Amino acid sequence: VANVAKVIVEIALDREFDYEIPAAIEEKVELGSVVEVPFGKRFTRGYVIGLADGSDRKKLNRIQRVVGDKPLITPNILGLARWMSSYYVAPIENAVRTMLPSAVRRHGAGFKERLHVVPEPKAHVESQRFALREKSARRSAVLDVLLEGEEMYLQDLVSAAKTTAATVRKLAQEGFVRVAARAELRNPLAGHKVVRTGALELMEQQQEAMRIIRGSMDTLAPPVVLLYGVTGSGKTEIYLQSIEHGLQQGKGAIVLVPEISLTPQTVDRFRSRFGDRIAVLHSALSMGERHDEWHKVRDGKVQIVIGARSALFAPVSNLGLIVVDEEHEYSYKQEESPRYHARDVAVMRGHLEGVSVVLGTATPSLES
């Protein structure tokens with residue numbers, strides 16, 4: 001069992017530090033874990049990027065605690081970070097920081113919690129409810145509203161029953177309900193309905209392109225496909241049917257779109273085909289929305305990510321396809337360290353994970 005963790009801290013020093021893993025938390029410390037460690041005269045956060053069963057140093061500081069329930073960085077993403085650090089000559093800390101949205105790695109990041117009310121078994125007993133009705137008509141009315149839907153957010157229950165939180169808390173004291181905090185996902189697409197659509201019939205050239213892309217997805221021959229098609233020639237439909245092909249095999253997808261093209265209409269095109277299986281990651285989201293969308297991907301609640309440049313690093317499990325639309329766009333280039341190009345890193349992520357990559361464009365870049 002590894003008893004030493006190789007940790008990088010949030011200061012860009014481009015080096016790893018060895019820390020002893022206390023026996024009490026050794027099962028929690030994994031590759032990609034966020035940990036709190038002593039560093040100089042203070043404590044700081046770091047990321048575990050390696051595990052070992054010994055160290056060259058005789059005296060090691062100990063990891064204080066593991067932050068969060070599970071690692072934020074998957075081994076695949078960590079491998080990509082190491083490659084980016086080497087290829088773009090950037091500190092490994094900068095590469096790892098690029099992989100994680102600031103909404104996820106900032107101190108205090110977490111889910112929004114709301115008080116939730118659940119009826120206890122006692123609430124379902126008719127004799128108990130009759131006794132309550134005799135004692136307090138108001139509390140009885142609140143319980144009747146709650147039992148219609150089985151469970152509700154406290155705020156919604158108070159509004160529906162036209163009462164106050166104090167009435168609900170009195171019910172909790174009497175053992176009729178349980179009030180507890182529960183995470184509520186902030187969904188940027190909530191309340192925005194789309195009409196579901198099915199696959200369209202493909203033209204002959206689209207069918208040929210689909211044959212090549214499916215072959216690429218199934219056999220990685222070729223591993224990268226350059227899809228040339230002028231605007232309006234139906235590239236998006238090919239992306240949609242390719243993603244569907246992957247979903248049928250239980251595989252997810254990442255679709256990169258230039259920031260300027262990431263309009264509600266673009267997202268709706270994918271949502272109308274795949275519904276709630278999509279997460280959106282781009283700069284127009286609030287910090288809370290970005291945090292929750294990223295965790296939806298990390299927890300496997302969605303299989304498809306659509307977004308701008310940084311969506312490339314989304315922790316999609318069992319990835320089957322990466323699409324880079326308008327691959328010639330200059331906005332895929334990052335201006336800060338590491339100064340990566342999302343198209344090139346997409347090809348490398350595909351190579352490292354054995355995943356097919358499709359580059360779509362009407363005006364191919366010289367390199368492609």
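Quick note: residue numbers are just sequence positions, from 1. These numbers were taken from a predicted model, which means no experiment stands behind them.
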Any donor-acceptor pair under 3.5 Å from Arg45 side chain to Val9 backbone:
no
Side chain to side chain donor-acceptor pair (under 3.5 Å) filter on Arg349, not counting sequence neighbours, yields Glu353
* Asked: Does Ile212 share a hydrophobic cluster with Met217, counting links as ILVMFWY side-chain heavy atoms below 4.5 Å and allowing steps through other members?
  -> yes
If you count heavy atoms of other groups shown closer than 6.0 angstrom to CD of Gln207, is the number above 12?
yes
Residues joined to Leu60 in its hydrophobic cluster, side chain to side chain under 4.5 Å directly or through other members, sorted by chain and number, are Val4
task = Look at the side chain of Gln206 and the backbone N and O of Gly234, then say whether any donor-acceptor pair between them is shorter than 3.5 Å.
result = yes
CD1 of Ile213 to CD1 of Ile238, rounded to nearest 0.5 Å, is 5.5 Å
Item checked: Side chain Ser368, main chain Ser365, donor-acceptor under 3.5 Å -> no
Shortest non-hydrogen pair, Ala279 vs Val302, comes out as CB-CG2, 3.7 Å
For Ser337 and Thr98, the nearest pair of non-hydrogen atoms, with its separation, is O-OG1, 4.5 Å
Could you check whether any side-chain heavy atom of Met348 comes within less than 4.5 Å of a side-chain heavy atom of His351, counting everything from C-beta outward? yes
Counting only heavy atoms not in Glu367, do more than 12 sit closer than 6.0 Å to its CD atom?
-> yes
Does a side-chain N-to-carboxylate-O contact under 4.0 Å join Glu289 and Lys296? no
- Query: Is the backbone of Ile49 close enough, under 3.5 Å, to the side chain of Arg82 for a donor and an acceptor to pair up by distance?
  - Reply: yes
Just checking Arg169: does its CZ atom have more than 12 heavy atoms from other residues, nucleotides or ligands closer to it than 6.0 angstrom?
no
key: Salt-bridge contact Arg290-Glu293 (side-chain N to carboxylate O under 4.0 Å)   = no
task: Determine, using the 4.5 Å side-chain heavy-atom cutoff (strictly less than), whether Ile322 and Leu220 are members of one ILVMFWY cluster.
output: no
key: Residue pair Glu336 / Asn94, side-chain donor-acceptor N/O under 3.5 Å   = no
Here the gap from Asn76 atom CG to Leu80 atom CG, rounded to the nearest 0.5 Å, amounts to 9.0 Å
Correct closest heavy-atom pair for Val48 and Ala5 would be CG1-CB, 4.1 Å
Residue pairs meeting ring pair (Phe, Tyr, Trp, His ring centres under 6.0 Å), one or both in residues 215-241, sequence neighbours left out, come to none
Minimal heavy-atom distance between Pro338 and Ala90, with the atoms involved, is CB-CB, 3.6 Å
- request: Output yes when a side-chain donor or acceptor of Arg273 lies under 3.5 Å from a complementary backbone atom of Glu237, and no otherwise.
  value: no
Heavy-atom nearest pair, Val316 first then Gly252, reads CG1-CA, 4.1 Å
query: Between Ser55 and Arg57, is there a donor-acceptor pair closer than 3.5 Å when you use the side chain of the first and the backbone of the second?
result: yes
To the nearest 0.5 Å, atom CD of Glu93 lies from atom CG of Leu13 at 6.0 Å
Verify the neighbour count for atom NE2 of His328: are there more than 12 heavy atoms of other residues, nucleotides or ligands below 6.0 Å?
-> yes
Could you see if Leu200 belongs to whatever hydrophobic cluster contains Met203? Use Ile, Leu, Val, Met, Phe, Trp, Tyr and a side-chain cutoff under 4.5 Å.
no
Following the transitive rule for hydrophobic clusters with a side-chain heavy-atom cut-off under 4.5 Å over Ile, Leu, Val, Met, Phe, Trp and Tyr, establish whether Ile11 and Val37 coincide in one cluster. yes
Value for CZ (Arg298) from NE2 (His295), rounded to nearest 0.5 Å, stands at 9.0 Å
Residue set satisfying ring pair (Phe, Tyr, Trp, His ring centres under 6.0 Å) with Tyr332, at least two apart, ordered chain then number -> none
Sorted by chain and residue number, the side chain to side chain donor-acceptor pair (under 3.5 Å) partners of Thr164 (sequence neighbours excluded) come out as Thr167
Residues passing the side chain to side chain donor-acceptor pair (under 3.5 Å) test with Ser272, sequence neighbours excluded, are Thr197
Separation between CD1 (Ile304) and CD1 (Ile254), nearest 0.5 Å, reads 11.5 Å
For Thr266, the side chain to side chain donor-acceptor pair (under 3.5 Å) test, sequence neighbours excluded, returns Thr263
message: Please tell me whether Tyr87 and Val96 are part of a single hydrophobic cluster in this structure, the criterion being side-chain heavy atoms less than 4.5 Å apart.
response: yes
Tyr19/Val35 under side chain to side chain contact (heavy atoms under 4.5 Å, CB included): CA gap, chis, key distance, verdict: CA-CA 10 Å; Tyr19 283 89; Val35 291; over 6 Å; no
State whether the side chain of Thr219 and the backbone N or O of Gly215 hold a donor-acceptor pair below 3.5 Å, judged by distance alone. yes
Those residues at least two apart in sequence (or on a different chain) that pass side-chain contact (heavy atoms from CB on, under 4.5 Å) with Glu244 are Leu247, Gln248, Phe274, Arg277
Residue pairs passing the ring pair (Phe, Tyr, Trp, His ring centres under 6.0 Å) test with at least one member in residues 32-77, sequence neighbours excluded, are Phe17-Phe39
So for atom CD, which belongs to Gln249, do other residues, nucleotides or ligands contribute more than 12 heavy atoms lying within a distance under 6.0 Å? yes
Rounded to the nearest 0.5 angstrom, the CD-NZ distance for Glu30 and Lys28 is 11.0 Å
Residues pairing under side-chain hydrogen bond (donor to acceptor under 3.5 Å, both in side chains) where one sits in residues 60-72, two or more places apart or in two chains, turn out to be Glu20-Arg62, Glu36-Arg65, Lys70-Asp299
Residues pairing under salt bridge (charged side-chain N to carboxylate O under 4.0 Å, His left out) where one sits in residues 308-327, two or more places apart or in two chains, turn out to be Glu327-Arg343
By side-chain contact (heavy atoms from CB on, under 4.5 Å), Ala172 pairs with (sequence neighbours left out) Val177, Val179
Scanning both residues in full, the closest heavy-atom pair of Leu78 with Ile73 reads N-CG2, 3.8 Å
Taking Lys235 for its side chain and Gly229 for its backbone only, find out whether a donor-acceptor pair lies under 3.5 Å. yes
